[in-house]
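A short write-up of the structure that comes next.
Quick note: numbers below take in every heavy atom, side chains included, and nothing from hydrogens, waters or symmetry partners. Sequence lines set the chain letters: A, B, ... in the order given, protein chains first and strands last, and positions in each chain run from 1.
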Number of protein chains: 2
Amino acid sequence: MLSVARNEPLDLVFQALADPVRRGMIERLGRGPASVSDLARPFAISLSAAVQHLAVLEASGVVRSRKEGRVRTCRIEPKALRLAERWIADRRSGWERRLDRLGDVLGEAVSKGKRRRTTP
Amino acid sequence: MLSVARNEPLDLVFQALADPVRRGMIERLGRGPASVSDLARPFAISLSAAVQHLAVLEASGVVRSRKEGRVRTCRIEPKALRLAERWIADRRSGWERRLDRLGDVLGEAVSKGKRRRTTP
DNA sequence: CCAATAGTTTAGCGAACGCTTAAGTATCAT
DNA sequence: ATGATACTTAAGCGTTCGCTAAACTATTGG
C-alpha cells in the first residue's frame, strides 16, 4: 500500500544528509570537485557502494555530476542544501520567538535565578 | 579509512527530518506544545504510529516530552535543530567561497593542454 | 592490439523503517 | 467501581536501505 508522498524535495535532501558517508562526500565536495573514486577512497566501501550513495545525492539535488572520458566529476549544487537549511531556519524563527516569551512559565522557573520579564 | 559510526547526533537529526509526518509534527510543535494525540490527528495515522514517530524525534533530541497525568506533552528542543542547521551553514560557507573564483573549468583546460615537466 | 583504469548494473542479503493490530497500563470522570 | 481516555508495548508485515559480489561497458596508455 502506498503511504504518504515520500519523494518530495525535502524528504530526499534530509534522507541524503542522514548518512555519515554521504555527509562525508558532501564535505569532500565542499573542498572542490571530485571523481567517484575520490569520493569513495576515504571510506571503507566499494566503488559500487559509492556510486549508489552518489545516486542518492544526485536524486536529492545536492550533487550533480558529469562524465568526461571515463571519469565522472562531481560537484556540489547549492540550491538543494539551501532549501533544507531554510526549512530549519524558518522553524527556528518561529519557536525562538515563542520560547523567548514563555520562558519562565515552564517548569524550570523554580530552580534558576528567575528574572521577571514583561507581564505574562 | 574513516570510521562509519552510525547513530551520531547528526545522523539522528537528519533521519528524523527525513519523514514528512515528523516534519509536520515539528511544524505543529513550533506553534506550541502538544499532546501525542494532537500530533497524530492531522495525519490519519494510528496513535501507535505517532508514538513511534515521537520516539524517533526524541532520540534525535529535536523534541522532548514530559508526562503529566495521562497526557504526554511534547515541545521542541532547539539545540538539535541548530546543530543540523549549522552543519549545512558551515558547508555552505565553504563552497560559496570556492564558487566565487571560478577556476575549476580553467584547471581542466590546463591539465589537457599542458604537457610540461616543470614541477610535478 | 592488450591490459589497466573508471565506472555501471544487477542480484541478493540482512537490517532498519513505517505501519497496523492487539493487548496491555495508568489516569480521569461519573 | 466502572467506563472512557490517553497512551504504551509487542508482534508481525511488507518495503526500503546500505552493502557486497559479480558481470559488464566504456575509455586510456603502452
Please state how far atom [atom1] in [X] lies from atom [atom2] in [N], giving the value in whole angstrom units.
X: B:Ile45; N: C:dC19; atom1: CD1; atom2: P; value: 6 Å
X: B:Arg22; N: C:dC19; atom1: CZ; atom2: C1'; value: 12 Å
X: A:Leu39; N: C:dA6; atom1: CG; atom2: P; value: 14 Å
X: A:Gln15; N: C:dC17; atom1: CD; atom2: P; value: 10 Å
X: A:Asp19; N: D:dC17; atom1: CG; atom2: P; value: 11 Å
X: B:Leu57; N: C:dC17; atom1: CG; atom2: P; value: 13 Å
X: A:Phe43; N: D:dG18; atom1: CZ; atom2: P; value: 14 Å
X: B:Asp11; N: D:dG18; atom1: CG; atom2: C1'; value: 13 Å

For a 4.5 angstrom cut-off between non-hydrogen side-chain atoms, does B:Leu47 reach B:Val36?
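The answer is yes; the side chains approach within 4.5 Å.
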
Test side chain to side chain contact (heavy atoms under 4.5 Å, CB included) applied to B:Cys74 and B:Leu29, step by step:
CA-CA 7 Å; B:Cys74 311; B:Leu29 290 174; 4.0 Å; yes

Heavy-atom donor-acceptor pair, B:Arg28 side chain to B:Gly32 backbone, under 3.5 Å
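Here the side-chain-to-backbone pair exists.
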
Among residues at least two apart in sequence or on other chains, which ones pass side-chain contact (heavy atoms from CB on, under 4.5 Å) with A:Ile26?
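Partners of A:Ile26 by the side-chain contact (heavy atoms from CB on, under 4.5 Å) criterion, ordered by chain and then number, come out as A:Leu17, A:Leu57, A:Val62, A:Ile76, A:Leu81, B:Trp87, B:Arg91.
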
Establish, with yes or no, whether the OP1 or OP2 oxygen of D:dC19 is under 4.0 angstrom from a side-chain nitrogen or oxygen of A:Ser46.
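No, outside the criterion.
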
Can you tell whether the side chains of A:Glu77 and A:Arg75 come within less than 4.0 Å, N to carboxylate O?
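Salt bridge between A:Glu77 and A:Arg75, a charged N being under 4.0 Å from a carboxylate O: no.
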
Note: A:Glu58-A:Arg64 ion pair, threshold 4.0 Å (strictly below):
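Not counted as a salt bridge, because no side-chain N and carboxylate O are separated by less than 4.0 Å.
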
Could you note down all residue pairs passing salt bridge (Lys or Arg N to Asp or Glu O under 4.0 Å) where residues 46-55 of chain A supplies at least one of them, sequence neighbours left out?
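Sorted pair list comes back empty.
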
Got a second to check how far B:Ser35's OG is from B:Arg70's CZ, nearest 0.5 Å?
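Rounded to the nearest 0.5 Å, the OG-CZ separation comes to 11.5 Å.
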
So, taking the atom named CZ in A:Phe14 and the one named CD in B:Gln15, what distance separates them when rounded to the nearest 0.5 Å?
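It is 12.0 Å, given to the nearest 0.5 Å.
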
Using the C1' atoms of the five pairs at each end, what is the angle between the end axes of the helix from C:dC1-D:dG30 to C:dT30-D:dA1, to 10°?
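End axes: 20° apart.
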
Mark up nucleotides 2-8 of chain D, 5' to 3', with B wherever a protein heavy atom is under 4.0 angstrom from a base atom, S wherever such an atom reaches only the sugar-phosphate, and - elsewhere.
--BBSBB

Residues in side-chain hydrogen bond (donor to acceptor under 3.5 Å, both in side chains) contact with B:Arg82, at least two apart in sequence or another chain
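A:Glu96.
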
Find every protein N or O atom lying less than 3.5 Å from an N or O atom of nucleotides 12-15 of chain C, and list the pairs.
none

As a quick check of understanding, evaluate side chain to side chain contact (heavy atoms under 4.5 Å, CB included) for B:Thr73 and B:Arg66, giving each step before the final call.
CA-CA 5 Å; B:Thr73 301; B:Arg66 218 176 61 187; 5.8 Å; no

